[in-house]
Chemist: 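Could you have a look at this structure, given as structure tokens, before my questions?
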Amino acid sequence: MLSQLDRITVNPNVYLGQRTIRGMRITLGFVLKLVASNLSVQEVLEAYSELEDEDIRQALNYAAWTVSDKIVGIPSALITFALLLMYIFPL
């Protein structure tokens, strides 16, 4: 699925290799923050005329796929602390 995201680009000479939209100086993170700040897709497109609807769709798609693929482990110290709390304060 991520291979279909042809508008998300990485170039070491643009923003220190951060992911950008079509090689422009608009980072993927910036687009995601705009949408996350309750701007509609239409408002983002009006504010940044160089962006296209497909750019925003692919940015959201990329974010969804990368977040869903992350596995977050609980450090063993946290587990030990939780067990200690359960011993001190039994239910």
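Position 1 is the first residue of the sequence; numbering continues from there.
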Chemist: Apply side-chain contact (heavy atoms from CB on, under 4.5 Å) to the pair L28 and Q18, showing each step before the final yes or no.
Modeler: CA-CA 8 Å; L28 173 68; Q18 292 184 50; over 6 Å; no
Chemist: Side chains of I26 and V31, heavy atoms from C-beta outward: is any pair under 4.5 Å?
Modeler: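 Answer yes - side chains close enough.
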Chemist: Which value, rounded to the nearest 0.5 Å, describes the distance between S37 atom OG and E43 atom CD?
Modeler: 9.0 Å
Chemist: Going hydrophobic residue to hydrophobic residue with side-chain gaps under 4.5 angstrom, can you get from V10 over to V14?
Modeler: no
Chemist: Measure the CG-CG distance between L60 and D55 for me, rounded to the nearest 0.5 Å.
Modeler: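 Interatomic distance, L60 CG to D55 CG, rounded to 0.5 Å: 11.0 Å.
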Chemist: Does the ring center of F30 lie less than 6.0 Å from the ring center of Y48?
Modeler: yes
Chemist: List the atom of D53, the atom of L45, and the distance in Å for their closest heavy-atom pair.
Modeler: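 Distance-wise, the nearest heavy atoms are N-CD2, 3.7 Å.
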Chemist: Would you say the side-chain atoms of Q58 pair up with the backbone N or O of R7, donor to acceptor, closer than 3.5 Å?
Modeler: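 Yes: the side chain of Q58 pairs with the backbone of R7.
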Chemist: Nearest 0.5 Å, what's the OH-CD1 distance between Y62 and I8?
Modeler: 8.0 Å
Chemist: Which atoms form the tightest heavy-atom contact between I21 and A59, and what is the distance?
Modeler: CD1-CB, 4.4 Å
Chemist: Are R19 and T9 side-chain neighbours, meaning at least one heavy-atom pair lies under 4.5 Å?
Modeler: no
Chemist: Is a side-chain N or O of T20 found less than 3.5 angstrom from the main chain of T27, in a donor-acceptor match?
Modeler: no
Chemist: Quick one: do R22 and E50 make a salt bridge, cutoff under 4.0 Å?
Modeler: no
Chemist: Determine, using the 4.5 Å side-chain heavy-atom cutoff (strictly less than), whether V41 and M24 are members of one ILVMFWY cluster.
Modeler: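 Both belong to a single hydrophobic cluster.
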